[in-house]
Amino acid sequence: MSYLAVIDLGSNSTRMVVEELQADGNFIELRRRKLDTRLAEGMAENDGELTDAAMTRVVNALLEFQQDYMMFDDVTVVGIATAAVREAENQAVFLDKVFRAVGVEIRVLTGDQEAYYDYLGAASALDITDAWLLDTGGASVELVGIEDRMATNMMSLPFGAVNLSEKFKLNIEGVVSPESIEKAAKYVNTQYAKLPWLDDTVTLPIILLGGANRSLARLDRVKHGLPADSDFHGYEMSTSAVVETYHKLTMMTKAEREELLDLEANRADIIVSGLLPLIELIKHTGANKVIFSASGVREGLLQEYRMEN
């Protein structure tokens, strides 16, 4: 029996999955953990470097995860990192800290690689032929155009829930000002405008990945009397319902968003910025519905690992 552990150093959270490799080449998930570590927090004010506090939070999370995956014999550990580490001026220092702590060499994904694994993970788990795919992380968004189940275009853009929130002061205690939201939206639109393949000539659904988008799914499920903690994979929302929920959130104080988000109250300061890329993408593409995927970059890596082994 062999096992594969994947640790994912995201810009907002650190995650781990442990999978058991079966004789037929398939995996069975045995463990799944997530800790909110805010690795991208404070980078802008720290000259583009990861802060000591953020690096410590991630290392502590990895030490905790190590206790989980070391329970399994013959476990292979694969580590990846995304936008915050990709952009960090002190990337080498951080990766050395991680290796010294848990003995794992972290592979820093390029933006294109992250988008590709998002596509591979989602396409393997959803019966979708043509769609847009949006993964909103803490420091970047990945966009993929899918046609006939194939990725035809993909791009990583340098904004996400954490850095948008900090850059445009969307994380205040009170109600976020319309002017701040407008400035953030203009910035996102400027980035989208650079992608000539991103248009509204054909109405396609948007496949959603990322923490803020998962929170959106849970909020809508609760609204309709469905359990928030059950599997939301494949859950759908109309884009009109998405926009309605977003505008409701923008009219709330941080404390009110915390109450609404309940168990995900720690996202209250970044939920507006985390949903903003989706709102602007809806405007650009004319999409009429969104489909949530629980399968993304880590599952894409598993698909690749299975094909290679």
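Keep in mind that the numbers below use all heavy atoms, side chains included, and drop hydrogens, waters and symmetry copies. Because the structure is predicted, anything quoted here is derived from the model rather than measured.
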Next on the checklist: Taking ring-ring contact (aromatic ring centres under 6.0 Å, His included) as the definition, give me every residue that meets it alongside F72, ordered by chain and number, with sequence neighbours left out.
Outcome noted: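 Listed in chain order: Y3.
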Checklist entry - Does a salt bridge link R32 with E299, judged by any charged N lying under 4.0 Å from a carboxylate O? => result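 Looking at E299 together with R32, the answer is yes, because their closest N to O distance falls below 4.0 Å.
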Checklist entry - Between R298 and E29, is there a salt bridge with N-O shorter than 4.0 Å? => result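 Salt bridge between E29 and R298, a charged N being under 4.0 Å from a carboxylate O: no.
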According to side-chain contact (heavy atoms from CB on, under 4.5 Å), who are the partners of [X], at least two apart in sequence or on a separate chain?
X	answer
E259	none
T51	N46, A53, A54
E280	A185, V188, N189, Y192, L276, K283
A151	Y119, V144, M154

Measure from the side-chain N and O atoms of [X] to the backbone N and O of [Y], and report whether any donor-acceptor pair falls under 3.5 Å.
X	Y	answer
E256	T253	yes
T152	G145	yes
T76	L4	no
T239	A287	yes
T250	H247	yes
R257	D269	no
S11	A84	yes
D68	F65	no
R15	L9	no
E236	I291	no

Shortest non-hydrogen contact from [X] to [Y]?
X	Y	result
G10	L39	O-CB, 3.7 Å
L164	P277	CD1-CG, 4.1 Å
G296	L209	CA-CD2, 4.0 Å
S165	N171	OG-CB, 3.0 Å
L170	A184	CD1-CB, 4.1 Å
A88	M43	CA-CE, 3.8 Å

Pairs meeting criterion salt bridge (charged side-chain N to carboxylate O under 4.0 Å, His left out) with involvement of [range], two or more places apart:
range	result
residues 165-175	E173-K254
residues 106-125	R86-E114
residues 46-62	E41-R57

[atom1] of [X] to [atom2] of [Y]: how many Å apart, nearest 0.5 Å?
X	Y	atom1	atom2	answer
S180	I172	OG	CD1	6.5 Å
R33	Q67	CZ	CD	9.0 Å
D96	Q91	CG	CD	12.0 Å

Checklist entry - What residues, two or more places apart in sequence or in another chain, satisfy salt bridge (charged side-chain N to carboxylate O under 4.0 Å, His left out) together with R267? => result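 Here no residue qualifies.
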Item to check | Qualifying residues under salt bridge (charged side-chain N to carboxylate O under 4.0 Å, His left out), relative to D36, sequence neighbours excluded | outcome: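 Salt bridge (charged side-chain N to carboxylate O under 4.0 Å, His left out) list for D36, sorted by chain: K34.
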Checklist entry - Between F292 and F232, how do the two ring planes meet: parallel, tilted or perpendicular, split at 30° and 60°? => result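 The rings of F292 and F232 stand perpendicular, inter-plane angle above 60°.
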Checklist entry - Parallel, tilted or perpendicular for Y305 and F27, by the 30°/60° rule? => result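 Taking F27 first and then Y305, their aromatic rings sit tilted (interplane angle of 30° to 60°).
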Using a 3.5 Å cut-off and no angle test, enumerate the donor-acceptor pairs between side-chain atoms of residues 130-140 and protein atoms at least two apart in sequence or in another chain.
residue: D130; atom: OD1; partner: D148; partner atom: N; Å: 2.8
residue: T136; atom: OG1; partner: N213; partner atom: ND2; Å: 3.4
residue: S140; atom: OG; partner: E142; partner atom: OE2; Å: 2.9

Checklist entry - Which is it for V102 and Y69 under the side-chain contact (heavy atoms from CB on, under 4.5 Å) test, yes or no, and what are the steps along the way? => result CA-CA 11 Å; V102 294; Y69 63 70; 4.1 Å; yes
Checklist entry - When you look at L208 and M237, which way does the side-chain contact (heavy atoms from CB on, under 4.5 Å) test go after all the steps? => result CA-CA 11 Å; L208 292 179; M237 280 181 74; over 6 Å; no
Checklist entry - Who pairs with R214 by side chain to side chain donor-acceptor pair (under 3.5 Å), at least two apart in sequence or on another chain? => result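 For R214, no residue satisfies side chain to side chain donor-acceptor pair (under 3.5 Å) once neighbours in sequence are set aside.
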Checklist entry - Is it true that atom CD of E45 has more than 12 heavy atoms of other residues, nucleotides or ligands lying nearer than 6.0 Å? => result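 Yes - once you tally the heavy atoms of other residues, nucleotides and ligands closer than 6.0 Å, there are more than 12.
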